[in-house]
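Okay, so here's the structure we're looking at.
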Amino acid sequence: MAKIGFYPLDIDEKEGIRLFGRTEDGKRIMVIDKSYKPYFYIIPEKEINLEKFVNKIKDVEVEEQGIYYTIEDLEVIEKEYESRNVKAIKVTVDKTSSIRVIKNELKNLPEVKEILEWDIQTYKKYLIDREITPLTLCSAEGTITEAKEGLELRGTVNQESEKAYEKYKILAFDIEIYGFLGDEENSNNPIISLALYGSNDYKKVITWKKFKDADENVEVVASEAELIERFKEHILGYQPDFLVGYYSDGFDFPQLKERARKYKIKLDLGADGSNVNFSKKGRTKSSKISGIVHLDIYKFISTIMAGSLHLDSYSLDMVSNEILGDGKLSMNFIDINEAWEKGSIKEICDYNLHDSKLTFQLTEKILPNLVEMVKIIGINIFDVCRLSYGQLVENYLIRRAKEFNVLIPNKPSGDIIAVRRVHTYQGGFVMEPKPGLYENLVVLDFMSLYPSIIVSKNISPSSLNKSKGYKSPDIVEESGRKVNYYFDKKESFIPSVIKDIILRRQRIKEILKGKKDSVLKARSYGLKTIMNAAYGYYAFFGARWYSKECASAITAFAREYIQEAIKGAEKFGLNVIYADTDGFAAVLNKKTENDILNFLDKLNDELPGLMELELEDFYKRGIFVSKKGEGSGAKKKYALINKDGELKIIGFETVRRDWSFIARKTQKKVLEIILKENDGEKAMNYVKDVISKLRKKEVKIKDLIIFTQLRMKLEDYVQIGPHVSVARKMQKKGVKVGVGSPIWFVIKSGKGMIRDKADIPENVKEGGYDEDYYVNNQIVPSVERIFDVLKYNKEDLIKDKTQSSLGDF
DNA sequence: GAGCATCGGGG
DNA sequence: GTGTACGATGCTC
């Protein structure tokens, strides 16, 4: 028997619970723990004799194709379920596969009311019950054997301390392919280059076409098959803890899988010699390797981090520009194809390596967030990386349920989900902005409004009742009936958990004041993310703890609070012009900034404990434009400039690439002139200038290009938009066009439908564009609503400066 | 305002 | 549950 300290990096189940990790001196270790027995709970019918029932089922055993599934233990346990104390029967079985079989055997017995906790993966329950946190110091005790892949220990695991693993070995990778994307055709496209980037300047590019000016880190192999083999060798040689890609679940690994299959190469990268495991859940694929944690950071960034990043796109280029201040090298996929054909392989290698470098650097930046999330939720980083908001909250609640002795509800069935999807309820309070240009504004926000309502009104499915406790404001149900919900004042599970998070985060923020600590910062971020997702979780149709009543009570309380705050502000002398859910913007009138701070202090004294209205910022000027779609929860669309001259542009489509460059630039410039200089006339003249240049055919074709991507096979299109029409022309010219092909086009001058006038930029001579299209469909719509505010109308814009007296037609 | 179509990430 | 599977947004009627 030996005892060894290690950090679990990943966990799964095969033969028993398997934990893959690193020992303190950096050796790879696989621990197999067979001591854990899976279980589920039976909620019996009320009136039955428990002892008799336990006796009746204790010998239940099922045989299927020679395999025996047995019950190992039965125990009556007091638990809380749906706000009641219940006597539940804990059914411990011999192995994970027995859960399903035994459950099916028992579920139809008359004594059984419900069966719970059978649908939670065993490795997750193991982590909870044994109180093990991945990535932190554990110990394993048992018999050790040493193999070339690392240590193998059979025995048991204990949590040793909170000490976190630090020396992560990260290896980022990226592939380039030749050809065009498309679901089926994809497999025919060869991988032409593969790059790896790791710590300590580890760089490798593998390609299979010889070229002259190759760097030392480039390996030229004989074929694509050899490229895949080398990839495997490098991974086994480098022994990363984390193998990281950007959209690698969706592209790189599936592509590697297809190409490896073609050459009959095994992708046996697992520490136990197993192949990469590909799985598909709905639209989302994932690739898992035993013992090497494959992370697709695109998933984490585009779902969880998106909540705080607010980018228009989560492409590697956009994200790395935002987080690292460095973007991709400028090469599109046509360039890659051409470079491969021409033999400019160096270009491809550089591009490929740079992408994997960006992926590596992004991983280093966001890893603290991932790691803290792992420590908070207590599941493995592979899962954390791929969580949705709903799963984030749910996994956290599942982990905390044990200490509250609460039974976990089952996942809803398809029927229940279908019913839940249909039902709606009223959302946040939105005050339509009176469109206009305003001076001297203040924006005030409730800090964590929804979470603090959950806590201060104890809102949860288990405290919900008909007549006592906190009473919600009037809620109008779908039927039109007015109701009030009540929430018992005795603190219940979910509000307690949220309160915990809020307090824990306040303590962290207190420590962080005037100090820099990236770990604590990441922890605070993780806690905030979970807490802010809690309200949405109640309303999420797939949630175990779903409650439309709770969700609608939260928004009802929130509407009341924001409206009260607005009333208070107006009484105080501010002029509120816009509000959305948890905050509002107001004109200062004659009030000073100091007055505002005093107003906040006074108002906050009157609010319940955890609730607080905060100062977001003071603004010199702001423009609020009219919205297209009215109604609650409508998206914000306004722009503000603060005292430092920083612009805050919300909801304008200035950066969408399906608008021509000239339209985007014009919109941005107009907002800038209006906010910075408050000169509507100048902004107007700027637009008129652009229009006049367009009419005089002075605008360069490159500023007029519109970009879209093909989403279907060309022949499947029924609706022929301009991009489809252009794609057809490209195909006729012999260009390969498939799913995902990017289409750049310009609208040429001439007669007929827009789609007939659309053409690839190369076919359009300078000045050969349709100026009417660009004026009416690009420039005017992009600035129209801004000028509405300034009381100019569309005609004013289109009128030529020099001939305005001639009238419209 | 419901119902249908499109699109995301990767090359 | 060896079953299914996205979610947000924009356009059209």
Side-chain angles (χ1 to χ4, degrees), chain A residues 64-65 97 99-101 103-104 107 118-119 173-183 185-186 188-195 245-256 259 279-285 296-303 306 311-319 328 331-340 348 351-352 355-356 358-359 386 388-391 410-418 421-422 424 536 540-542 628-631 633-635 651 653 656-658 707-712 716-719 721 723-724 736 738-742:
Chain A
E64 271 177 18
Q65 297 167 336
S97 54
I99 291 182
R100 185 182 55 87
V101 180
K103 179 208 115 200
N104 286 340
K107 71 176 178 196
W118 54 273
D119 60 354
F173 82 110
D174 180 49
I175 64 169
E176 308 301 328
I177 64 169
Y178 175 76
F180 296 77
L181 292 185
D183 281 336
E185 312 108 272
N186 218 12
N188 297 323
N189 298 328
I191 298 167
I192 53 176
S193 170
L194 188 152
Y246 200 88
Y247 200 58
S248 43
D249 271 345
F251 176 67
D252 302 71
F253 260 120
Q255 185 69 14
L256 272 162
R259 301 307 289 176
S279 72
K280 203 176 164 187
K281 259 189 175 182
R283 246 191 114 257
T284 33
K285 300 175 200 169
D296 178 354
I297 54 163
Y298 162 73
K299 288 246 173 85
F300 189 72
I301 292 171
S302 65
T303 51
L311 300 179
D312 292 275
S313 150
Y314 291 89
S315 63
L316 178 58
D317 190 45
M318 278 278 212
V319 169
K328 280 166 77 98
M331 215 180 177
N332 64 51
F333 90 107
I334 288 177
D335 300 336
I336 294 172
N337 283 323
E338 281 175 5
W340 183 253
I348 297 174
Y351 174 81
N352 193 188
D355 271 8
S356 60
L358 291 175
T359 305
R386 293 165 175 81
S388 63
Y389 273 105
Q391 292 167 310
N410 290 331
K411 272 193 202 157
S413 66
D415 296 352
I416 293 175
I417 288 179
R421 284 191 130 151
V422 180
T424 56
F540 165 51
F541 51 75
K628 216 171 18 179
E630 312 287 299
K635 279 247 165 177
E653 50 285 82
R656 295 181 48 146
R657 59 183 180 180
D658 51 0
F707 176 90
T708 48
Q709 269 183 303
L710 283 191
R711 287 289 130 198
M712 304 193 281
D716 292 347
Y717 277 93
V718 185
Q719 202 89 326
H723 68 299
V724 179
K736 278 187 246 167
V739 179
S741 297

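Everything numeric here is computed off the predicted structure, so don't read it as measured data.
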side-chain N/O A:Lys107 vs C:dG1 OP1/OP2, d < 4.0 Å: yes
Pairwise P distance for C:dG10 and B:dG9, with rounding to whole Å: 14 Å
Contact under 4.0 Å: A:Arg100 side-chain N or O vs C:dG1 OP1/OP2: no
Flag, side chain of A:Gln391 to backbone of A:Ser388, donor-acceptor distance under 3.5 Å: yes
Gap in Å between the two C1' atoms, one belonging to C:dA5 and one to C:dG1, rounded: 12 Å
Sugar-phosphate, base or nothing in reach of A:Trp340, heavy atoms under 4.0 Å: nothing
Main-chain N/O of A:Ile177 paired to A:Asn189 side chain as donor or acceptor, under 3.5 Å: no
Presence of A:Lys328 side-chain N/O under 4.0 Å of B:dG11 phosphate oxygens OP1/OP2: yes
5′-ward residue of the pair A:Phe541/A:Lys103 relative to DNA chain C: A:Lys103
Sugar-phosphate only, base, or nothing, as touched by A:Asp355 at under 4.0 Å among non-hydrogen atoms: sugar-phosphate
Donor-acceptor contact present, side-chain A:Asp119 to main-chain A:Asn410, <3.5 Å: no
Sugar-phosphate, base or nothing in reach of A:Ile417, heavy atoms under 4.0 Å: nothing
Distance in angstrom units between A:Phe540 CZ and C:dG7 C1', rounded: 11 Å
Nucleotide B:dG10, atom P - distance to CD1 of A:Ile301 in whole Å: 11 Å
Check: A:Thr284 main-chain N/O paired with A:Asp249 side-chain donor or acceptor under 3.5 Å: no
Nucleotide nearest A:Tyr247 (side chain, heavy atoms from C-beta), chosen from C:dG1, B:dG10, B:dG11: B:dG10
Distance test, side-chain N/O of A:Ser313 to OP1/OP2 of B:dG9, below 4.0 Å: yes
Ionic contact status for A:Asp296 with A:Arg386, cut-off 4.0 Å: no
Aromatic ring proximity, centroids under 6.0 angstrom, A:Phe253 and A:Phe173: yes
Sugar-phosphate, base or nothing in reach of A:Asp174, heavy atoms under 4.0 Å: sugar-phosphate
Whichever of A:Thr284 and A:Lys411 has its nearest DNA chain C nucleotide further upstream toward 5': A:Lys411
d(OH, A:Tyr389; C1', C:dA8) in whole Å: 15 Å
Proximal nucleotide (of B:dG11, C:dC6, B:dG9) relative to the A:Arg421 side chain: C:dC6
Options C:dG1, B:dG11, B:dG10, nucleotide nearest the side-chain atoms of A:Asn104: C:dG1
A:Leu256 CG to B:dG10 C1', straight-line distance once rounded to whole Å: 12 Å
Nucleotide nearest A:Glu176 (side chain, heavy atoms from C-beta), chosen from C:dG1, B:dG11, B:dG10: B:dG11
Listed nucleotide nearest any side-chain atom of A:Tyr298, set B:dG10, B:dG8, C:dG1: B:dG8
